[in-house]
*Asks:* 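I have a structure here, written as structure tokens, and I will follow up with some questions on it.
Side chains included, hydrogens not; waters and symmetry mates left out as well; all remaining heavy atoms used. Values in this document were obtained by computation on a predicted structure and should not be read as measured data. By convention here, the first residue in the shown sequence is residue 1.
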Amino acid sequence: MATSSSKPMPEPNRATPSPKSVPKPNKTTPSPKPVPKPNMATPSPKPVSKPIMTTSPQKPVLKPKIDHKSLTDLAPPPQKPVTKPQVDFKSFSNVIGGELRKSRNTFSAKNPATKQPLWDVPAANKQDVEQAVRYANVAQKEWAKKTWKERQQICLRFKDVYSNYVDELTDLLTLEIGRPRVWCRREVESCALHASFHAQLPLPGGDGFDAGDREIMVRYTPLGVVAAICPWNAPLVLCFGKLFPAVIAGNSIIIKPSPYTPYATLKMVEIAQQVFPPGVVQVLAGDNSVGASLVEHPNIHKISFTGSIPTGKRILQAAAPTMKRVTLELGGNDACIVLPDVDIDEVAPKVAISAFLSSGQICVSSKRIYIHQSIYTPFLKAMIDFTSQIKVGHPDEEDVIIGPIQNSMQFEKVKELFEDSKRKEYRFAVGSKTVEESMGYYINPTIIDNPPDDSRIVTEEPFGPIVPCQPWRYEKEVIARANNTKTGLGATIWGKDIKRCERIAHEMEAGSVFINSAARPTPLAPFGGMKESGLGSEWGPSGIKAYMNEQVIHNFSGR
């Protein structure tokens, strides 16, 4: 999810081992090895027949329906036993051409709950990028020759193999993002839903029609090599949303995890090597220079980025010289509108948790809460009562709801908003005016009562557990205030009058609007933003087209 989301990353510290412990890299870059067939039992591809054009518009080509109902829960465990090769979860490598690669330079991320460094990770360099891109281009040509169904079946096979390592991946994710373990496990298990949904999607296109002087056929083909640059707030789920549509569409993919959260992603891609042919799914850890090299490389054909608005703008500029396809899921300052007819006792806790879950580090968290003036005081009190009971602490502690901010950079940014609100003498309805230093990057959930519309806490995305609440009187007024922002990622509306909720939803300038629920994106529906919150969308039945070229064939034969 995108939820958006990550912020510009400072270059991580690198520790260079002594020459005795690490051999010097070869000066020359070896040519890519031939890409072997996948090490799995895959039926031989059948010859692909040419699509038959429909000569009459009265007989459209029927496409298989997607069973959305069966996808509402995570897919059950595989029926057939799946082998579980040993994976070392305390040693980390990049994956290039199906091989685990170390590097002369390394860096480590910190456990946000303790501020202690975790394991060393190899920092990819320009040579690693060049090798990965060459392998990806070679592998993609063979991968694209497989049928649509064969690629879908391989992705389902990966889902089954991956499911053997849910416990270990949950441990890693908990250590690197600091979220309570139960939520980390849900993110790890999200692989099943993404895989199952994309494995039911029909091949786009294939519809032919008679245009009088010609027959017209629309078809979709792979783009080539995709670079997926992923954020730190939800590293696995937002990676899966790029991985499955990319490879099912016939592309190869190079994943670049955030330097703040590299561990679970590196292991996920290592596990993927048990199923995918070498070079189809690769991963390169490192600082911003690795992402920049991928964006600028002439043999990368698409960039899918989830992160901050400033970084997204730089990516768009850097991709322009090579005319890469670009999908951007960026930040948002999502509005929450509470109508006067809500059940206060029921809705107030849900609105509070929609702002504070994951320490507010979800791209579609509620970040500005507008409460009708007729219920403003009792609703705010109910939010305060609930918020004051939220337990903040180590992710392994019992009953903890909120863990730490994920990294020091974001911790300092959130502290700035606290200090600004304190200087301006805004009313802190709940929470301390000062963020205290502790063993981790902890901040107690905080509500600011009715700050001005032009205050920083209202106009900026905090991406932390601090939220402003403001009263409203007229419907047109609150819609205008909610839309008065350069961003437009998500919004939530709460009320018993469903027609009124839907009318307001139609007026919201946001990519996703949720009625009577906290924001809950799903791979079953497209996800993207309006205005500066992004470019294009991913997920849903149409999202896979973002990873394909559209080709139209005009056939004048016999006319």
*Asks:* Kindly state each residue pair satisfying ring pair (Phe, Tyr, Trp, His ring centres under 6.0 Å) with at least one member in residues 418-457, sequence neighbours excluded.
*Replies:*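 Non-adjacent pairs meeting ring pair (Phe, Tyr, Trp, His ring centres under 6.0 Å): F411-Y441.
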*Asks:* Could I get the full list of salt bridge (charged side-chain N to carboxylate O under 4.0 Å, His left out) partners for K433, not counting sequence neighbours?
*Replies:* none
*Asks:* With sequence neighbours excluded, what pairs up with K110 under the salt bridge (charged side-chain N to carboxylate O under 4.0 Å, His left out) test?
*Replies:*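 So K110 forms no salt bridge (charged side-chain N to carboxylate O under 4.0 Å, His left out) with any residue.
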*Asks:* By side chain to side chain contact (heavy atoms under 4.5 Å, CB included), which residues pair with P122, not counting sequence neighbours?
*Replies:*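 With sequence neighbours excluded, P122 shows a side chain to side chain contact (heavy atoms under 4.5 Å, CB included) to N94, S103, given in chain and number order.
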*Asks:* Output all residues satisfying salt bridge (charged side-chain N to carboxylate O under 4.0 Å, His left out) with K302, sequence neighbours left out; order by chain, then residue number.
*Replies:*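 If we apply the salt bridge (charged side-chain N to carboxylate O under 4.0 Å, His left out) test to K302, skipping adjacent residues, there are no hits.
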*Asks:* When the aromatic ring centroids of F240 and F197 are compared, is their separation below 6.0 Å?
*Replies:*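 Between F197 and F240, which both carry aromatic rings, the centre distance is not below 6.0 Å.
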*Asks:* Can you give me every donor-acceptor pair (side chain of residues 504-515, partner residue at least two apart or in another chain, under 3.5 Å) with its distance?
*Replies:*
| residue | atom | partner | partner atom | Å |
| --- | --- | --- | --- | --- |
| E509 | OE1 | K531 | NZ | 2.8 |

*Asks:* Only one of W232, F107, F89, W119 clears ring pair (Phe, Tyr, Trp, His ring centres under 6.0 Å) with Y263; which?
*Replies:* W119
*Asks:* Salt-bridged, K313 to E532, with N to O below 4.0 Å?
*Replies:* yes
*Asks:* Between E475 and R500, does at least one N-O distance fall below 4.0 Å, as a salt bridge requires?
*Replies:* yes
*Asks:* Could you check whether any side-chain N or O of S533 sits under 3.5 Å from a backbone N or O of G331, counting only pairs where one atom can act as donor and the other as acceptor?
*Replies:* yes
*Asks:* Once side chain to side chain donor-acceptor pair (under 3.5 Å) is applied, what residue pairs with a partner in residues 336-348 remain, sequence neighbours excluded?
*Replies:*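 Side chain to side chain donor-acceptor pair (under 3.5 Å) check on residues 336-348 returns E346-K350.
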*Asks:* What residues, two or more places apart in sequence or in another chain, satisfy side chain to side chain contact (heavy atoms under 4.5 Å, CB included) together with N484?
*Replies:* none
*Asks:* Taking only residues two or more places apart in sequence or in another chain, which ones pass salt bridge (charged side-chain N to carboxylate O under 4.0 Å, His left out) with R185?
*Replies:*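 D167, E189.
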*Asks:* Check side chain to side chain contact (heavy atoms under 4.5 Å, CB included) between T322 and all other residues, then give those that pass, not counting sequence neighbours.
*Replies:*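 T322 satisfies side chain to side chain contact (heavy atoms under 4.5 Å, CB included) with P298, K324 only.
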*Asks:* For N111, check side chain to side chain contact (heavy atoms under 4.5 Å, CB included) against everything at least two apart and list the hits.
*Replies:* A113, T114, L118, L175
*Asks:* Taking the basic N atoms (NZ, or NE/NH1/NH2) and the acidic carboxylate oxygens, is any pair closer than 4.0 Å for E397 and R181?
*Replies:* no
*Asks:* If you look only at pairs with a residue in residues 347-390, which of them pass as a ring pair (Phe, Tyr, Trp, His ring centres under 6.0 Å), with sequence neighbours excluded?
*Replies:* H372-W472
